[in-house]
Amino acid sequence: MTGCQGVNGGGWAHYVGQEKVRPITGYSTVAAALDWARPPRQMIQTAYWYLHTDQWRYDQTTLDGFASPLGTGRFDGKTPADVLAQSARMGWMPSYPTFNRNPLDLADDAAAAGKAPGEHVIDGLRDGSLRFAAEDPDAPENFPRVLTIWRANLLGSSAKGNEYFLKHLLGTDNAVRAEEAPPEARPKDLVWREEAPTGKLDLLLALDFRMTSTTIYSDITLPAATWYEKHDLNTTDMHPYVHSFNPAIAPPWETRTDFEAFGTIARQFSRLAARHLGVRKDLMALPLLHDTPDALANPRGVVRDWKAGECDPVPGKTMPKFVVHERDYGAVAQKWAALGPLVEELGLTTKGVTTMPDKEVEYLKHKNGVIRDGVAAGRPALARDVHWCEAILALSGTTNGRLATQGFHRSEERTGMRMADLAAEHEGKLVTFADTQAAPTPVITSPEWSGSEHGGRRYSPFTINVERLKPWHTLTGRQHFFLDHDWMTEAGENLPVFRPPLDMHTLFGEPQVGEQGELGITVRYLTPHNKWSIHSEYQDNLFMLSLSRGGQTIWMSVQDAAKVGVKDNDWIEAVNRNGVVVARAIVSARMPEGTVYMHHAQDRLIDVPLTETSGKRGGIHNSLTRLFLKPTHLIGGYAQLAFAFNYLGPTGNQRDEVTVIRRRNQEVQY
Ligand SMILES: Nc1nc2c(c(=O)[nH]1)N[C@H]1C(S)=C(S)[C@@H](COP(=O)(O)OP(=O)(O)OC[C@H]3O[C@@H](n4cnc5c(=O)[nH]c(N)nc54)[C@H](O)[C@@H]3O)O[C@H]1N2
Ligand SMILES: Nc1nc2c(c(=O)[nH]1)N[C@H]1C(S)=C(S)[C@@H](COP(=O)(O)OP(=O)(O)OC[C@H]3O[C@@H](n4cnc5c(=O)[nH]c(N)nc54)[C@H](O)[C@@H]3O)O[C@H]1N2
Ligand SMILES: [Mo]
């Protein structure tokens, strides 16, 4: 599980269509080990946490009310968990763990039965001996046991529905107050176990250089080197440069660079795995992918569910594709430390454009050195952090003009439009790590992205589509607003529409917004990103805490504060079915009546008292939120509505939340 874009419990598709994450081919190649095995196993985080933190059990109603009055009853009687399971079995979205059987055993069974993997899976699904894990997420064989968190603060920042994480994933103190669904509102396609498991995880491992709300809950925290103690690369969509990180000092005491930590784990894992796992075949189910022929798997957006008998189960059309990989578990560390052969055997593909880095592999052999023996004999070394940096820079068009120009030539052949000139000015340029150490290095215009930096211009997305008439990656090739998909029709969202906030009173029995009673006043509860920090970072230092209130705050309007007798800086308590939060009130004329802000990601380990409501240590901003799954976000296999890692998938939709707020006893206890 990686940071910002990966583990945010739903943040990662906020920017779908706005190019939040510009793909860096070099980075994704080595990060997902695409040089050794393809395709990778990737999961939609929102669905993963929704199932494994059991938030699905607390949905109180079916989706009938979500549909348009003109709908045909497609969602009637179904819960969000039902449509999630449907999306998985139709191959729209990835689903992991996929089946209720070990995928290694499943591959062996298929071979023993002399059947193709897809055939074996379909037979098993038909006779009931095999099931999708998403249909029984609380079965002990279907939930996660080991979680590694790197470059994310899951339990202090990203986890929407924090208290459900604490209860079901960790099995620790929590303030979940919600009721589980009554029998009539339970999923039809999922197994309902009378008692939901608590404490699913056996091991929580975190790597961080700060004490966070995640590290305090971890079984093991590996102390990480900071940005001034290691080599690394940094580039974002916000600035047109690549920067290097360089150690000013060696990592102090027990800290290690992330590179060292993962290298050590890989070596130990391989030593043990050679004996315990050996060489096995792994059967994977893959979703229908964006920018591939899969995007035409569901012509005209007609939904056909094989389980309902509406069509045959056909891998890659009406269900996932099934692929078998051979995995040499004892060789993981060797592969980790070398650039694998698939780079030049299959090329590198981003947004449907494949480049062939054959010369780059030769270059990297000289730059990094060559591995002498083992499974990676003859391959370029990735044995040191700087080797990885060189490989990333050499394999991406953004830092290698030859590949950028080559990729644009491919796009030209396909579209008939002129594009290669955008990169040709840098065709001979290959940025090295030393270049980035000398100064932040401007990037090269590349088909991996959609903007242009040609002639020193500043990047903005979609410049190439607008100015060079490169077709948009949509069904029509144009900017595309009309979505003629069955589920869009059912939701009444064929065209963009206004949808009012979800009614938490009807859905979950929360009081109405504006209602005032003994327990306080009910307000809308928003958790926007913090003005004074980046997520949970940079606010927990003495300067920032001294300049503000020293701990967690909630911004309230003057009117709401007056109604419940709250003065600026008073201690308040906010309570809803998801949890409880104690914070200081910031009473401000900048807040509109009826809405409060608790800025995103204020860690729970600084100035968080015991709550009056639960008697336990008060929660954080995400203690009052939870995930909501919107069915239309689960559509796949249809043109631009097709899964792509970090591009298209369901979001967390926590913004319609409400909470009751009151002034509490000002004598707080810790
Ligand atoms: N309610 C609510 N929830 C939200 C959001 C919201 O608006 N409201 N926003 C969502 C969004 S868009 C996002 S992006 C997520 C953010 O959620 P996260 O990505 O989980 O949050 P961060 O606080 O950025 O966590 C990054 C962690 O990585 C550590 N770190 C930084 N650099 C390094 C390094 O080099 N090595 C190691 N080992 N560690 C490092 C930092 O110390 C920090 O603890 O939250 C999501 N959750
Ligand atoms: N300082 C700082 N900058 C950051 C970050 C940070 O943590 N700190 N994080 C970075 C990251 S990873 C991300 S994803 C972005 C996030 O940046 P934004 O997408 O701007 O996200 P938010 O600040 O969560 O929300 C923006 C506004 O949406 C409003 N809002 C809430 N619900 C609704 C609604 O239903 N309709 C409308 N129209 N508005 C609504 C909120 O009141 C809020 O003012 O910021 C990036 N930049
Ligand atoms: Mo984000």
Side-chain angles (χ1 to χ4, degrees), residues 1-16 18 20-21 45-46 49 148-162 165 205-216 218 221-234 236-238 245 251 255-262 385 498-502 524-541 544 555 578-579 581 590-592 595-605 619-628 646 651-657 659:
M1 302 286 148
T2 67
C4 175
Q5 323 305 345
V7 93
N8 60 33
W12 65 291
H14 277 171
Y15 280 68
V16 166
Q18 290 177 40
K20 160 100 192 261
V21 183
Q45 296 274 328
T46 304
W49 302 122
T148 300
I149 300 177
W150 174 67
R151 265 178 178 272
N153 179 359
L154 183 67
L155 299 165
S157 201
S158 35
K160 297 165 187 180
N162 198 275
F165 279 70
L205 167 68
L207 295 83
D208 210 309
F209 43 62
R210 300 163 46 232
M211 184 59 97
T212 70
S213 306
T214 303
T215 59
I216 52 169
S218 299
T221 301
L222 298 181
T226 69
W227 312 305
Y228 309 104
E229 295 152 7
K230 65 185 173 192
H231 290 295
D232 206 340
L233 285 175
N234 185 341
T236 75
D237 50 349
M238 304 297 165
F245 294 10
T255 60
R256 295 199 197 179
T257 65
D258 297 312
F259 178 82
E260 263 304 308
F262 281 110
D385 46 11
F498 168 76
R499 290 202 76 125
L502 294 173
R524 290 200 180 288
Y525 176 77
L526 296 180
T527 53
H529 284 218
N530 207 308
K531 283 194 192 52
W532 299 280
S533 68
I534 303 293
H535 313 312
S536 63
E537 285 183 74
Y538 308 111
Q539 63 188 297
D540 58 348
N541 62 66
M544 294 308 291
W555 288 63
N578 301 321
V581 167
R590 290 159 67 188
M591 291 306 300
T595 298
V596 301
Y597 268 7
M598 181 161 190
H599 282 122
H600 176 53
Q602 309 170 56
D603 262 319
R604 81 189 299 147
L605 35 64
I620 57 162
H621 73 299
N622 269 333
S623 295
L624 298 180
T625 67
R626 55 156 293 174
L627 297 163
F628 293 101
N646 239 337
T651 67
N653 308 314
Q654 80 290 343
R655 278 186 171 163
D656 297 344
E657 202 50 82
T659 189

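Each ligand, and each atom within it, is numbered from 1 in the order the structure gives. Bear in mind that the values here come from a model prediction, so they are computed numbers and not experimental data. Only this structure's heavy atoms are used, side chains among them; waters, hydrogens and symmetry mates stay out.
Contacts between H529 and ligand 2 below 4.0 angstrom, taking non-hydrogen atoms only, involve backbone and side chain alike. With a 4.0 Å cut-off on non-hydrogen atoms, T527 touches ligand 1 through its backbone as well as its side chain. Contacts between D656 and ligand 2 below 4.0 angstrom, taking non-hydrogen atoms only, are absent altogether. Only side-chain heavy atoms of L526 come within less than 4.0 Å of ligand 2; its backbone N, CA, C and O stay farther off. Residue contacts with ligand 1 for R151 involve both N, CA, C or O and side-chain atoms from C-beta outward (heavy atoms, distance under 4.0 Å). When heavy-atom distances to ligand 2 are checked against a 4.0 Å cut-off, P501 has no atom that comes that close, whether in backbone or side chain. Heavy atoms of D258 found under 4.0 angstrom from ligand 1 belong exclusively to the side chain.
Residue N622 approaches ligand 1 through these ligand atoms, each under 4.0 Å from one of its heavy atoms: 1 (N), 2 (C), 3 (N). Shown in contact with Y597 at under 4.0 Å from a heavy atom are these atoms of ligand 2, numbered in order with element: 41 (C), 42 (O), 43 (C), 44 (O). Taking every non-hydrogen atom of W150 and a distance limit under 4.0 Å, the qualifying atoms of ligand 1 come out as 38 (N). Listed by atom number, the atoms of ligand 1 under 4.0 Å from T212 heavy atoms are 44 (O). Near S157, with a cut-off below 4.0 Å to any heavy atom, the atoms of ligand 1 are 3 (N), 4 (C), 16 (C), 17 (O), 18 (P), 20 (O), 21 (O), 22 (P), 23 (O), 45 (O), 47 (N).
Defined by atom type and a distance below 3.5 Å, a donor-acceptor pair is missing between the side-chain atoms of T215 and D208.
Distances between N or O atoms of W227 and those of ligand 1 include at least one value under 3.5 Å. Of the N or O atoms in T625, none lie within a sub-3.5 Å distance of an N or O in ligand 1. At under 3.5 Å, not a single nitrogen or oxygen of A159, backbone or side chain, sits near a nitrogen or oxygen of ligand 1. Annotation: K160 places no N or O atom under 3.5 Å from an N or O atom of ligand 1; distance criterion only. In terms of N/O distances under 3.5 Å, ligand 1 is not approached by H535.
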- Message: For a side-chain contact (heavy atoms from CB on, under 4.5 Å) check, start with the C-alpha distance between L155 and N162, then their side-chain angles and the critical distance, and finish with the verdict.
- Response: CA-CA 6 Å; L155 299 165; N162 198 275; 4.3 Å; yes

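For the side chain to side chain donor-acceptor pair (under 3.5 Å) test with Q654, the passing option among K160, R626, H621 is K160; the others fail.
Contact between K230 and ligand 1 is present, with at least one heavy atom of the residue lying under 4.0 Å from the ligand. Residue-ligand proximity: W532 is placed with every non-hydrogen atom at 4.0 Å or more from ligand 2.
Under a 4.0 Å N-O distance rule, the pair K230/D385 does not qualify as a salt bridge.
Proximity annotation for atom 45 (O) of ligand 1: of H599, H600, R655, Q654, H600 comes nearest, heavy atoms only.
By the salt bridge (charged side-chain N to carboxylate O under 4.0 Å, His left out) test, R524 pairs with no residue at all, sequence neighbours left out. Scanning for side chain to side chain donor-acceptor pair (under 3.5 Å) contacts around R256 gives T264, with sequence neighbours left out.
Between F209 and W227, the ring planes are perpendicular. Angles over 60° get that label, and only those under 30° would be called parallel.
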